[in-house]
Amino acid sequence: MKNFFIISVMLLFMQMAPHAQALSVAVLPVEDLSQGRNGVNFPLTDFLQQSMTERGLEVIPSDRVITFMARNRIRWLGFLSTSHICQAKQDLGADFVLLGTVSQRQDLPLAALGMVLSLVRTSDARTIWTDVGGVSKADVSNFLAIDEPENIDEILPVLTRQIMNSWPSVIEEAEGSPGMFVETSRLEPMHAKPGDEVRCNVRLRPAIGNDKLSQVLLMVGDDNYLEMRENQANMYSVSWFAPDRDGSLPVSLVLKYGSGGMKVFFVGNYQVDNSAPKLSLKIVGAKVNNITAFNARLPVIPVWQDPEPVSRWSFSIQNLNGEIMAGVEGTGAIPPRFVWKGQRPDGRKAEDGMYEIILKVWDRADNPTVATQKVFLKGNPPTPVINAETDMDSLVVRLDCEDEIPVDFWTLEILYSDGEVLMQSQGNELPADISVPYPSSGEARKLECSASVKDVLGNKVRKKISDLMQLVVPHEEESGAAKQDEWVPEF
Amino acid sequence: MNFPLPSCFSLFSIISLLLSCISCGPARPSFEKNVVHEGDDVCSIALLPFINDSRFDQGGIIVQRIMGAKLSSAGIKVASEGDVWNLYRELRIFPNQHPDIEQIMVIGSRLDVQLIITGRIAEMEEKMGDNYVTPVLALTLEVHDAKSGKTMWTTYHRREGADYRTVMHFGLVNTVTQLSRIMAEEVIEEWYAKGMKRCEE
């Protein structure tokens with residue numbers, strides 16, 4: 001009979017034991033922002049664990065908490081996501097999670113400590129208690145400085161006591177579920193052309209409780225419902241083709257439950273865009289025969305008719321044979337201007353001639369547009385041509401230029417070999433005839449000629465002739481003189 | 001009527017003290033309302049990462065955590081910071097960038113909250129003296145409707161620790177944490193005073 005009584009009492013205690021079990025709390029390592037974003041304060045964590053034990057809570061050992069964090073790749077302290085809070089309940093059996101952040105911790109000029117503590121219930125991921133405190137040595141100074149805290153270690157108990165004053169007298173468990181149902185969602189592309197395939201993938205949180213998910217729908221636009229297929233556990237996807245009309249279409253996820261309940265989550269908008277971007281090129285340079293010409297540096301400025309964001313672009317310059325002279329491409333916004341320095345890809349100077357500038361742009365829906373313009377490169381200087389002929393009583397020097405590029409200005413100087421200037425002339429149109437008094441017959445010095453020509457593109461050249469008389473072409477009357485009948489032995 | 005000299009001095013001292021106490025009375029947060037919240041009681045809020053324009057290291061996170069703690073204490077369900085960061089990653093929003101209207105709508109829908117708060121720390125420092133510290137904090141908060149993404153109201157608030165001085169060194173706030181805590185309480189009280197409905201859950 002006595003044994004029966006003892007066994008009965010033991011059985012009764014065994015039945016009661018689970019109900020009498022203390023609530024458990026996982027104290028996560030305290031984040032210490034005074035040491036930067038990755039700071040951690042283990043002594044304070046230990047202090048808080050001790051404080052929780054004193055309050056009658058069962059504290060999950062630190063090594064289990066650290067292992068849990070490593071396994072779930074929890075990289076940041078001070079907060080947890082809802083899924084990690086639920087995971088803490090499953091893996092650690094924690095009823096609550098205590099999160100702490102040291103907001104400030106300094107010794108000088110006055111010791112000060114600040115802290116934020118939060119107690120989160122793992123059953124519904126709800127913060128059931130939180131408080132903030134900051135204590136400085138100046139706050140706890142007293143008359144005659146008796147028992148006054150001097151450093152952070154002495155301030156810590158004061159601060160903890162101050163914060164814990166608001167600790168709830170009763171901490172209750174609650175049956176519930178966290179409010180977040182969708183783990184991730186992805187809608188792509190966000191910009192599509194008519195007929196493009198648009199896809200939406202979602203990952204849902206495993207259902208908690210008896211209310212099972214009965215249908216997962218995607219609402220595209222206002223009234224178009226698509227049923228999502230479950231590819232893997234809790235992962236759903238659906239794809240469809242973008243309609244023909246341009247515009248923005250909202251997409252929402254609709255979760256229907258067996259109980260008849262329904263949840264709607266906005267996933268995002270996607271844009272249907274069928275129009276290509278409109279832009280042109282503005283090229284700064286001199287106009288020659290209605291074509292922009294340049295000599296060394298060509299600034300090209302894209303000009304939008306209707307600005308819109310672009311996804312990528314490519315800029316290239318090619319000659320009339322299709323050979324690429326220069327090219328660059330990129331993603332995102334187009335640079336405000338491009339500059340070609342008249343060079344080939346290997347850095348050598350490009351040959352004079354006609355080139356085509358091509359700017360190709362794709363908008364976010366991948367609609368392309370191309371802006372092109374032809375330009376003329378003239379990097380070599382003009383070629384002046386100097387001729388001279390005799391007139392009745394003067395020498396006529398003719399200056400001309402072989403290039404098609406108009407001349408900006410020219411100068412011509414005729415001087416004797418010893419430096420005495422005979423004539424100076426300048427102008428801005430070619431050809432030009434300059435008449436010089438014919439040197440006297442007794443003049444022994446040679447006539448020199450120096451000419452400078454600059455074209456409208458800025459190319460300059462200087463040409464010097466050391467003996468102008470060598471260029472002299474006899475006048476037509478002289479060329480018509482009687483020919484000698486026999487050879488003259490000159491040598 | 002001849003007052004004795006000590007009495008005159010005492011009277012002058014008392015008047016000066018009273019005047020000084022009146023002049024240092026704390027100012028209310030400046031509040032600009034654009035749209036009236038048409039919902040019911042405000043019971044759920046998401047705090048997005050605050051942008052720190054001050055030189056105080058981690059100032060944005062500190063004020064955000066304190067603001068979150070005070071909102072929780074006021075009985076409002078504050079969305080988990082971890083969920084907010086997950087959404088920032090999913091929507092490709094940089095931490096020092098505020099989301100656009102559509103992103104706010106997505107965040108609001110996914111976190112199932114009524115309001116979304118973004119913040120910017122304009123000024124945060126602890127002015128150091130030989131044996132004293134004066135904390136300073138200036139912040140701007142924007143409150144958005146989670147359904148429409150629209151900004152409903154904005155609040156600017158600036159305080160120094162010395163603003164709370166009562167007499168001599170009494171009342172002084174000596175830490176930036178304590179100042180943030182008091183300012184968060186003042187802002188929340190101001191919101192309630194201007195018409196935000198308390199959660200009656």
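Protein chains get the first letters and strands the later ones, always in sequence-line order, with residue 1 at the start of each.
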* Asked: So what's closer than 4.5 Å to chain A heavy atoms on B/Val176: side chain, backbone, both or neither?
  ->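 When you check distances to chain A, atoms from both the backbone and side chain of B/Val176 fall under 4.5 Å.
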* **Contact class of B/Lys70 relative to chain A, heavy atoms under 4.5 angstrom** =>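 Only the side chain of B/Lys70 comes within 4.5 Å of chain A.
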Considering all heavy atoms of both residues, which atom of [X] and which atom of [Y] are nearest to each other, and what is their separation?
| X | Y | answer |
| --- | --- | --- |
| B/Ser80 | A/Ser81 | OG-CA, 3.6 Å |
| B/Ala69 | A/Val116 | CB-CG1, 4.1 Å |
| A/Thr184 | B/Glu90 | CA-OE1, 3.3 Å |

Proximity breakdown for [X] and chain B, heavy-atom pairs closer than 4.5 Å:
| X | answer |
| --- | --- |
| A/Val120 | neither |
| A/Ser252 | neither |
| A/Val135 | backbone |
| A/Leu33 | both |
| A/Glu31 | side chain |

* Are any of the side-chain nitrogens in B/Asp57 or A/Arg37 under 4.0 Å away from the carboxylate oxygens of its partner? ->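 The answer is no: the pair does not qualify as a salt bridge.
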Of all of [options], which one pairs up most often with chain B through heavy atoms under 4.5 Å apart?
| options | answer |
| --- | --- |
| A/Ser118, A/Gly36, A/Ala112 | A/Gly36 |
| A/Gly134, A/Gly133, A/Gly268 | A/Gly134 |
| A/Ser34, A/Gly114, A/Gly78 | A/Gly78 |

* Give the C-alpha distance, both sets of side-chain angles, the deciding distance and a yes or no for side chain to side chain contact (heavy atoms under 4.5 Å, CB included) between A/Asp131 and B/Arg181. => CA-CA 9 Å; A/Asp131 209 347; B/Arg181 176 180 183 268; 4.1 Å; yes
* Asked: Any side-chain heavy atom of A/Phe266 within less than 4.5 Å of one from B/Glu102?
  ->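 They are in contact (side-chain heavy atoms under 4.5 Å apart), so the answer is yes.
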With rounding to the nearest 0.5 angstrom, report the [atom1] to [atom2] distance, [X] to [Y].
| X | Y | atom1 | atom2 | answer |
| --- | --- | --- | --- | --- |
| B/Gln64 | A/Phe79 | CD | CZ | 9.0 Å |
| A/Ser185 | B/Leu91 | OG | CG | 7.0 Å |
| B/Leu111 | A/Thr82 | CG | OG1 | 8.0 Å |
| A/Leu253 | B/Ser109 | CG | OG | 8.5 Å |
| A/Ile155 | B/Thr175 | CD1 | OG1 | 10.0 Å |
| B/Gln178 | A/Ser136 | CD | OG | 10.0 Å |

* Begin with the C-alpha distance, continue with both residues' side-chain angles, and end with the deciding distance and a verdict on side chain to side chain contact (heavy atoms under 4.5 Å, CB included) for B/Trp85 and A/Trp76. => CA-CA 11 Å; B/Trp85 280 118; A/Trp76 303 103; over 6 Å; no
* A/Arg71, CZ atom: more than 12 neighbouring heavy atoms under 6.0 Å ->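 Check passes, neighbour count above 12.
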* To do: Would you indicate whether A/Asn165, at its atom CG, is surrounded by more than 12 heavy atoms from other residues, nucleotides or ligands within a distance under 6.0 Å?
  =>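 Yes - once you tally the heavy atoms of other residues, nucleotides and ligands closer than 6.0 Å, there are more than 12.
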* Between chain A and each of B/Lys147, B/Gln103, B/Arg92, count heavy-atom pairs under 4.5 Å; write down the option with the most. =>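 Winner by heavy-atom pair count: B/Arg92.
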* To do: May I ask you to name which of B/Ile61, B/Val78, B/Val173, B/Val133 has the most heavy-atom pairs under 4.5 Å with chain A?
  =>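 Max contact count across the listed options: B/Ile61.
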* May I have the step-by-step check of side chain to side chain contact (heavy atoms under 4.5 Å, CB included) for A/Thr130 and B/Ser73, ending in yes or no? => CA-CA 7 Å; A/Thr130 181; B/Ser73 301; 3.8 Å; yes
* Asked: Who pairs with B/Glu81 by salt bridge (charged side-chain N to carboxylate O under 4.0 Å, His left out), at least two apart in sequence or on another chain?
  ->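 B/Arg65.
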* **Any side-chain donor near an acceptor of the partner, A/Gln104 and B/Thr177, under 3.5 Å** =>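 Judged by distance alone, the side chains do pair up.
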* To do: State which residues pass side-chain contact (heavy atoms from CB on, under 4.5 Å) with A/Asp153; sequence neighbours excluded, sorted by chain then number.
  =>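 For A/Asp153 the side-chain contact (heavy atoms from CB on, under 4.5 Å) partners, ignoring immediate neighbours, are A/Asn151.
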